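Okay, structure first, notes after.
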Amino acid sequence: MLDAEEAQADAAAREESLRMESEALLRALVVVVDDHGDDPDRLGPLMCELLEEGEFHVNATVTVPGDEVEIRNALNTAVIGGVDLVVSVGGVGVKARDVTPEATGPVLDRRLRGIEEALRTSGLAAGAADAGLSRGLAGISGQTVVVNLADSRAAVRDGMATLIPLSHFIIDQISEF
């Protein structure tokens, strides 16, 4: 028979286990916008690695062409699928084919301009010019955080280092609704 002290310790261990399980259950989806016709797999594995290091389970990596409708459909599918975070990579520059922000805007319920600016500022500070000049958006759609990143390795590495702690905070906030 367990004494009171052992019962308390068991209850605390179960509670900690449940807390860790719920934290590990944050789900993410990566949308790679292949607006260059390059190798679509060049950033997907890096994104997955960084998200998993940030305590996200990556449900999938989806590659879409640099087409506004295709990008919007991929983001909407992620939101409807109930992921906690969807990060798109690519299509945020100033060229005519860079339409990710235009596709993302209508999906968002609320913009998070502070996150957008933090990603640009940290990108410039890290020397990732494409990140610093990005037109990428960040916001909330339903219970999902949606973020656009530039598609260089430097922009992805720096952007994820900035985004992951912020996204955990935001997800905690919106899950209280």
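If you're wondering where the values come from, they're calculated on a predicted model, not measured in any experiment. Note that the numbering runs from 1 along the sequence shown for the chain. Side-chain atoms are counted along with the backbone in the values below, which use heavy atoms only and exclude waters and symmetry mates.
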Criterion side chain to side chain contact (heavy atoms under 4.5 Å, CB included) on Val94 and Leu133, from CA distance to verdict | CA-CA 9 Å; Val94 296; Leu133 301 174; over 6 Å; no
Is there a side chain to side chain contact (heavy atoms under 4.5 Å, CB included) between Ile71 and Asp67 once you walk through the steps?
-> CA-CA 6 Å; Ile71 297 165; Asp67 174 76; 5.8 Å; no
For [X], give me all partners under side chain to side chain donor-acceptor pair (under 3.5 Å), at least two apart in sequence or on another chain.
X	answer
Arg135	Glu102
Thr77	none
Glu70	none
Arg157	none

For [X], side chain to side chain contact (heavy atoms under 4.5 Å, CB included) partners two or more places apart:
X	result
Ala74	Val31, Val64
Ala154	Ala128, Ser152
Arg72	Glu68, Asn76, Ala103, Pro106, Val107

Can you check whether [X] reaches [Y] side chain to side chain, under 4.5 Å on heavy atoms?
X	Y	answer
Leu149	Val147	yes
Asp151	Val156	no
Val146	Ile140	no
Pro101	Leu137	yes
Leu25	His57	no
Val62	Val32	no
Leu46	Met160	no

Using modelled atom types only, decide if a donor and an acceptor are shared between the side chain of [X] and the backbone of [Y] within a distance under 3.5 Å.
X	Y	value
Ser167	Ile164	yes
His168	Gly54	yes
Glu116	Ala138	yes
Thr100	Gly90	yes
Asp158	Gly123	yes

Could you walk me through whether Thr162 and Thr121 pass side chain to side chain contact (heavy atoms under 4.5 Å, CB included), step by step?
-> CA-CA 10 Å; Thr162 301; Thr121 300; over 6 Å; no
Drop me the distance from [X]'s [atom1] to [Y]'s [atom2], to the nearest 0.5 angstrom.
X	Y	atom1	atom2	result
Ile171	Phe56	CD1	CZ	4.0 Å
Ser134	Leu119	OG	CG	8.0 Å
Gln143	Ile170	CD	CD1	12.5 Å
Arg153	Leu43	CZ	CG	6.5 Å

By salt bridge (Lys or Arg N to Asp or Glu O under 4.0 Å), which residues pair with Glu117, not counting sequence neighbours?
->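 So Glu117 forms a salt bridge (Lys or Arg N to Asp or Glu O under 4.0 Å) with Arg120.
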Can Asp98 and Val92 be said to form a side chain to side chain contact (heavy atoms under 4.5 Å, CB included), step by step?
-> CA-CA 5 Å; Asp98 293 329; Val92 295; over 6 Å; no
Pair listing, salt bridge (charged side-chain N to carboxylate O under 4.0 Å, His left out) test, anchored in residues 121-132, at least two apart |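 The answer is none; no pair qualifies.
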What side-chain donor-acceptor pairs closer than 3.5 Å can you find for residues 79-89, not counting sequence neighbours?
residue : atom : partner : partner atom : Å
Asp84   : OD2  : Arg27   : N            : 2.7
Ser88   : OG   : Asn148  : ND2          : 2.7

